[in-house]
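Written out below as structure tokens is the structure these notes cover.
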Amino acid sequence: MRIGGRVAGLAIAGVLAAAPALAQEMRPSLADSFRLGSPGGLLCRAQSRLTDPAFASMFDRGYIIACRDAASEVGRVYALRLGGDDPAARLDAARTERARCEAAVSETIDELGAVEVRRCTLASADVGYRVYSWRRGDTLYVAEGLGGYDPALRLALRSIVADRILPGELAIATTEMGDPAAFARVQAGTLDRDQALSEGYRRNNSGSYAEASEFFESLIARNAGEGGPEAEARAGEYLINQALQQSNLGNFAEADALYARARAIPSTNAVQLRLRRNFLALHALNQRRLDEAMAVLDAAVAGLSAMGGAPTAGAEIDPPTARAINS
């Protein structure tokens with residue numbers, strides 16, 4: 001019994017030890033999706049596409065590249081069978097309306113050697129776009145997408161050529177973004193509402209006011225076609241933030257108009273009312289109107305006094321509630 005148990009234990013241990021190796025040996029060509037990069041960097045995945053204008057036969061494969069900080073794709077990678085018409089021409093035709101590209105040059109990429117590279121700019125914004133092409137045997141391999149995600153494009157290309165998951169730490173290449181505000185505009189359109197709002201606040205806190213403005217402007221536009229109290233409440237927050245960005249940028253007349261629109265939206269939300277008050281004070285400070293800023297901060301916030309009274313006078317946060325909040 002002891003010998004049998006030992007043999008069984010060794011067999012189980014062998015299976016467990018082999019599991020990581022099997023995961024590493026997963027072939028992208030046989031997977032619906034696969035991870036790009038090593039843990040610790042930007043999390044990106046390649047997700048297979050079933051149809052694409054670039055496909056001409058059952059042997060063609062394509063993937064979209066999606067990253068955690070973007071709600072939609074940041075690039076694509078292809079393995080297209082050569083023969084018949086040129087697959088590169090099909091991709092060029094599909095890319096014509098999306099980006100303007102320069103002539104191809106040659107660059108060296110690890111494990112691939114010389115790769116054809118085209119530097120492009122999105123037609124809709126001053127944002128860098130890259131196209132990598134490499135041929136081997138009867139297959140054309142292409143990776144293309146936003147220049148800011150260039151490390152993910154390169155790693156995706158190497159991975160489908162090698163047909164295995166390759167290590168590599170990913171990070172947004174800020175030097176490849178082009179105009180930062182334009183890149184923020186593109187990113188704002190890809191993020192979901194909550195992510196875009198958080199990113200707008202983060203850019204404001206870091207002093208990137210033009211970029212923050214793009215996020216709040218995008219949120220205002222996306223919210224404009226919606227109705228109801230929730231949309232109205234969101235509009236107030238987006239407008240007051242956009243007003244602050246314009247004030248920070250020195251566009252005081254535009255900021256005044258946005259502040260007026262925001263303050264015209266009724267609210268009893270204590271956070272939003274204080275936000276309006278504080279941002280209006282900051283607007284005064286930006287114009288060096290110190291006395292006006294102090295007057296704004298000293299004035300009572302309309303609507304807050306009605307929120308107190310007997311029901312909340314003895315309210316306190318007990319230990320269980322405190323633990324729940326902190327968690």
Without placing hydrogens or testing angles, list every side-chain donor-acceptor pair under 3.5 Å for residues 243-253, not counting sequence neighbours.
from   : atom 1 : to     : atom 2 : distance (Å)
Gln245 : NE2    : Asn204 : OD1    : 3.2
Gln245 : NE2    : Asn241 : O      : 3.3
Gln246 : OE1    : Asn251 : ND2    : 2.7
Gln246 : NE2    : Ser213 : OG     : 3.0
Ser247 : OG     : His283 : ND1    : 2.8
Ser247 : OG     : Asn286 : ND2    : 2.8
Asn248 : OD1    : Asn286 : ND2    : 3.0
Asn248 : ND2    : Asn204 : OD1    : 3.4
Asn248 : ND2    : Leu244 : O      : 3.3

Decide yes or no for Thr121 and Val127: does some side-chain heavy atom of the first lie under 4.5 Å from some side-chain heavy atom of the second? no

So CD of Glu211 and OG of Ser206: to nearest 0.5 Å the spacing works out to 7.0 Å

Mind checking whether Ser29 and Arg61 have side chains closer than 4.5 Å, heavy atoms only? yes

Between the side chain of Arg136 and the main-chain N/O of Val161, is any donor-acceptor distance below 3.5 Å? yes

Go through the steps to decide whether Leu80 and Phe55 satisfy the test side-chain contact (heavy atoms from CB on, under 4.5 Å), and finish with yes or no. CA-CA 7 Å; Leu80 305 175; Phe55 294 169; 4.0 Å; yes

Salt bridge Glu237-Arg234, side-chain N to carboxylate O under 4.0 Å: no

Ring centres under 6.0 angstrom apart (Phe34, Tyr63): yes

Please tabulate, for the side chains in residues 103-110, all donor-acceptor contacts under 3.5 angstrom to protein atoms that are two or more places apart in sequence or on a different chain.
from   : atom 1 : to     : atom 2 : distance (Å)
Glu107 : OE1    : Arg154 : NH2    : 2.9
Glu107 : OE2    : Arg119 : NH2    : 2.6

Considering non-hydrogen atoms only, spot the tightest contact between Leu82 and Gly137 and give its length. CD1-O, 3.7 Å

Looking at side-chain heavy atoms only, is the closest gap between Leu30 and Pro28 below 4.5 Å? no

Out of curiosity, Arg158 CZ to Asp163 CG, how far, rounded to the nearest 0.5 Å? 14.0 Å

Glu97, CD: over 12 other non-hydrogen atoms inside 6.0 angstrom: no

What heavy-atom pair brings Ser267 and Gln272 nearest, and what distance separates the two atoms? OG-CB, 4.1 Å

Tell me, with the steps shown, if Leu275 and Asn269 meet side-chain contact (heavy atoms from CB on, under 4.5 Å). CA-CA 10 Å; Leu275 199 66; Asn269 184 292; over 6 Å; no

Side-chain contact test, heavy atoms from C-beta onward, threshold under 4.5 Å: evaluate it for Arg45 versus Leu36 and give yes or no. no

Counting only heavy atoms not in Asp32, do more than 12 fall under 6.0 Å of its CG? no

I need the Ile165 CD1 to Arg27 CZ distance, nearest 0.5 Å. 11.5 Å

Once rounded to the nearest 0.5 Å, what's the spacing between atom CZ of Arg261 and atom CD1 of Ile240? 11.5 Å

Using a 4.5 Å cut-off on heavy atoms from C-beta on, say whether the side chain of Asp150 contacts that of Tyr132. yes

Let's go through Asp86 and Arg135 carefully: what are the C-alpha distance in whole Å and the side-chain angles of both, what is the deciding distance for salt bridge (charged side-chain N to carboxylate O under 4.0 Å, His left out) to 0.1 Å, and is it a yes or a no? CA-CA 12 Å; Asp86 185 3; Arg135 298 172 188 253; 3.6 Å; yes

Do Leu273 and Leu280 share a hydrophobic cluster, counting only Ile, Leu, Val, Met, Phe, Trp and Tyr and linking them when any side-chain heavy atoms are less than 4.5 Å apart? no

Closest heavy-atom pair, Ala54 versus Tyr78, reported as atoms and distance to 0.1 Å, is CB-CE2, 4.0 Å

Rounded to the nearest 0.5 Å, how far does SG of Cys120 lie from CZ of Arg100? 10.0 Å

If you draw a 6.0 Å radius around CZ in Arg263, do more than 12 non-hydrogen atoms from other residues or ligands fall strictly inside? no

Does any non-hydrogen side-chain atom of Arg276 lie less than 4.5 Å from one of Ile265? yes

Any side-chain donor near an acceptor of the partner, Tyr129 and Arg98, under 3.5 Å: yes

Transitively linked via ILVMFWY side-chain contacts under 4.5 Å: Ile220 with Leu197? yes

Is Ile64 reachable from Val131 through a run of hydrophobic residues whose side-chain heavy atoms are each under 4.5 Å from the next? no

Verify the neighbour count for atom CG of Asp291: are there more than 12 heavy atoms of other residues, nucleotides or ligands below 6.0 Å? no

Nearest-0.5 Å distance, CD of residue Glu199 to OG of residue Ser218: 12.0 Å

Check whether any side-chain heavy atom of Arg193 sits under 4.5 Å from a side-chain heavy atom of Asn223, and report yes or no. yes

With clusters defined by side-chain heavy atoms of hydrophobic residues (ILVMFWY) lying less than 4.5 Å apart, directly or transitively, does Tyr209 cluster with Phe279? no

Output yes when Glu144 and Arg76 qualify as a salt bridge under the 4.0 Å nitrogen-oxygen rule, no when they do not. no

Taking every non-hydrogen atom, the tightest pair across Leu157 and Ala143: CB-CB, 3.8 Å

Shortest non-hydrogen pair, Leu153 vs Gly75, comes out as CD2-CA, 4.2 Å

Which heavy atom of Glu217 sits nearest a heavy atom of Gln242, and at what distance? OE1-NE2, 2.8 Å

What orientation do Trp134 and Tyr141 show, parallel under 30°, tilted 30 to 60°, or perpendicular over 60°? tilted

Transitive ILVMFWY side-chain link Tyr201 to Leu282, under 4.5 Å: yes

Asp60/Arg81 salt bridge by N-O under 4.0 Å criterion: no

